[in-house]
Amino acid sequence: MIYVCIPVHEEASTVGVLLWKIRKVMGEFGRDYRIVVHDDASGDDTIEVLQRYRRSLPLTVLRSSERQGYGRSVERLLRHVADVSPYPKRDCAVVMQGDFTENPEDMVSLVKVFEGGADIVAGHENGDATQAVAAPDGVRWARRLSGIFLRRLLRTAPVSDPLSGMRAYRVIVLKKAFRDLPEEQFLTTSDGWAANVELLGCLVPHARRVAEAPLTLRYDLRQRPSRFKAWPTFVSLFKLRRSVWSEAPPEAV
């Protein structure tokens, strides 16, 4: 089973289009799947719209009554999957954004690498100039500053792009990480890119093999103006500069 985990901070219409795109991709891929959405206290009719989609899609809807933020939203999704998966050694959780920046078709590449034996598969931009769309200025500046001031953090990471959040996790890795953690506690303390880095650092010690798969990010397909803030993002990453990798990480392949 593939659990497609989506933290939702988007308008209802955007989420609906994404759900149908995922259905098409997974139907063509021919794998059993379930979509798990976490509605992070949205103020519009997102929750009502999502409930209607449950009649035609394999969809589970989680919700927070108060805003949790990206990092905790992702953790709630992963904890839910760890709790309900009947075959944690075989099942897979794929995390992706709900704003179309990440292409649902890239899930296929991640899952194929996962099926090849990897416990964690991290997405990274493929760098293909014929497909890539220029990132917004804030994203480019945050990455540039991180590359200059956080070299050790990035250089010692188990993957080439620890900032990216689109990843596939073997569910047994999640169960091991959450095993001794009370439900009210979280693995991560940050949000955004920093949460992606922290989460990877917490899960890698439980994985036997870490691998990568290419992504094509499409910033031009966003359905709303980006909420990304370059300076707060960099500050959050800077607080992790002494490295979150508890031991020599597995070599990414």
Derivation and outcome, side chain to side chain contact (heavy atoms under 4.5 Å, CB included), residues E48 and Q51: CA-CA 5 Å; E48 290 79 10; Q51 294 296 348; 5.8 Å; no
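- Side-chain atoms of L163 and L154, non-hydrogen and from C-beta on, do get closer than 4.5 Å to each other.
- Using a 4.5 Å heavy-atom threshold, the side chains of V139 and W193 count as touching.
- A single hydrophobic cluster is not seen to contain both Y3 and V95; linkage of ILVMFWY side chains at heavy-atom distances under 4.5 Å, directly or through other members, places them apart.
- Atoms CG and CZ, on L237 and F149 in that order, are 13.0 Å from each other to the nearest 0.5 Å.
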Chi angles and distances behind the side chain to side chain contact (heavy atoms under 4.5 Å, CB included) call for R54, L50: CA-CA 7 Å; R54 294 179 64 184; L50 288 172; over 6 Å; no
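- Under the 4.5 Å side-chain heavy-atom criterion for ILVMFWY residues, no single connected hydrophobic cluster contains both L62 and L19.
- Of all heavy-atom pairs spanning A93 and V171, the tightest one is N-CG2, 4.3 Å.
- At a cut-off of 3.5 Å, with distance as the only test, no side-chain donor of H124 or S164 sits close to an acceptor on the other residue.
- A donor-acceptor pair under 3.5 Å is formed between the side chain of E102 and the backbone N or O of Q97.
- Here the closest non-hydrogen pair linking G71 and A195 is CA-CB, 3.7 Å.
- How far SG of C202 is from CG of L174: 11.5 Å, rounded to the nearest 0.5 Å.
- Cluster annotation: L217 is connected to V121 through the hydrophobic network of ILVMFWY side chains, with a link wherever side-chain heavy atoms come within less than 4.5 Å.
- Of the charged side-chain nitrogens involved, at least one lies within less than 4.0 Å of a carboxylate oxygen, so that E28 and K24 count as a salt-bridged pair.
- Q185 CD: more than 12 foreign heavy atoms inside a 6.0 Å radius.
- No side-chain heavy atom of F114 sits less than 4.5 Å from a side-chain heavy atom of L110.
- For the pair M107 and M166, the minimum side-chain heavy-atom distance is below 4.5 Å.
- Salt-bridge annotation for R209 and D119: absent, with no side-chain N of the basic residue lying under 4.0 Å from a carboxylate O of the acidic one.
- Judged purely by distance below 3.5 Å, without hydrogens or angles, the side chains of Y169 and R167 pair a donor atom with an acceptor atom.
- S85 places no side-chain N or O within donor-acceptor distance of the main-chain N or O of V81, the cut-off being under 3.5 Å.
- No side-chain donor-acceptor contact under 3.5 Å links Y70 and D40.
- Residue E198 is tested with L187, T188, D191 for a side chain to side chain contact (heavy atoms under 4.5 Å, CB included); the sole match is T188.
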Could you walk me through whether V159 and L200 pass side chain to side chain contact (heavy atoms under 4.5 Å, CB included), step by step? CA-CA 9 Å; V159 297; L200 188 63; 3.7 Å; yes
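- I172 and V36 fall into different hydrophobic clusters, defined by Ile, Leu, Val, Met, Phe, Trp and Tyr side-chain heavy atoms under 4.5 Å apart, directly or through other members.
- Relative to the six-membered ring of W20, R23 misses at least one condition, a distance below 6.0 Å or an angle of at most 45° to the axis.
- Looking only at atom types and distance, the side chain of T216 has no donor-acceptor partner in the side chain of E125 under 3.5 Å away.
- Contact annotation: the side chain of D91 approaches that of P86 to within less than 4.5 Å [non-hydrogen atoms, C-beta and beyond].
- Using a distance-only test at 3.5 Å, with no hydrogens or angles considered, no donor-acceptor pair links the side chain of R72 to the main chain of F186.
- Interatomic distance, CD1 of I120 versus SG of C92, reported as 11.0 Å (0.5 Å rounding).
- A salt bridge does not link R170 to E115: none of the charged side-chain nitrogens sits closer than 4.0 Å to a carboxylate oxygen.
- Rounding to the nearest 0.5 angstrom, the gap separating the CG atom in D106 from the CG atom in L215 is 5.0 Å.
- The CG atom of L203 sits 7.0 Å away from the CZ atom of F178 when rounded to the nearest 0.5 Å.
- Nearest heavy-atom pair across V113 and A213 is CG2-CB, 4.2 Å.
- Summarising the geometry of R79 relative to P182, their closest heavy-atom pair is NH2-O, 3.3 Å, with the distance given to 0.1 Å.
- A salt bridge links D161 to R143: at least one charged side-chain nitrogen sits closer than 4.0 Å to a carboxylate oxygen.
- Crowding of W231 atom CH2: a count of heavy atoms from other residues, nucleotides or ligands under 6.0 Å not exceeding 12.
- Looking at heavy atoms from C-beta onward, M96 lies in side-chain contact with V4 at the 4.5 angstrom threshold.
- In this structure, R241 and L153 approach most closely via the heavy-atom pair O-CB, 4.4 Å.
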Stepwise side chain to side chain contact (heavy atoms under 4.5 Å, CB included) check, V49 with V15: CA-CA 9 Å; V49 171; V15 176; over 6 Å; no
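- When every heavy atom of L77 is checked against every heavy atom of P7, the shortest pair comes out as CD1-N, 3.5 Å.
- With a 4.5 Å cut-off on side-chain heavy atoms, I6 and I22 count as touching.
- Here H38 contributes atom NE2 and S73 contributes atom OG; the two are 4.5 Å apart, rounded to the nearest 0.5 Å.
- Environment of CD in E66: sparse, with no more than 12 heavy atoms of neighbouring residues, nucleotides or ligands closer than 6.0 Å.
- Linking Ile, Leu, Val, Met, Phe, Trp and Tyr residues whenever their side-chain heavy atoms come within less than 4.5 Å leaves V84 and V61 in two separate clusters.
- In this structure, F29 and I2 have side chains that are in contact, with non-hydrogen atoms separated by less than 4.5 Å.
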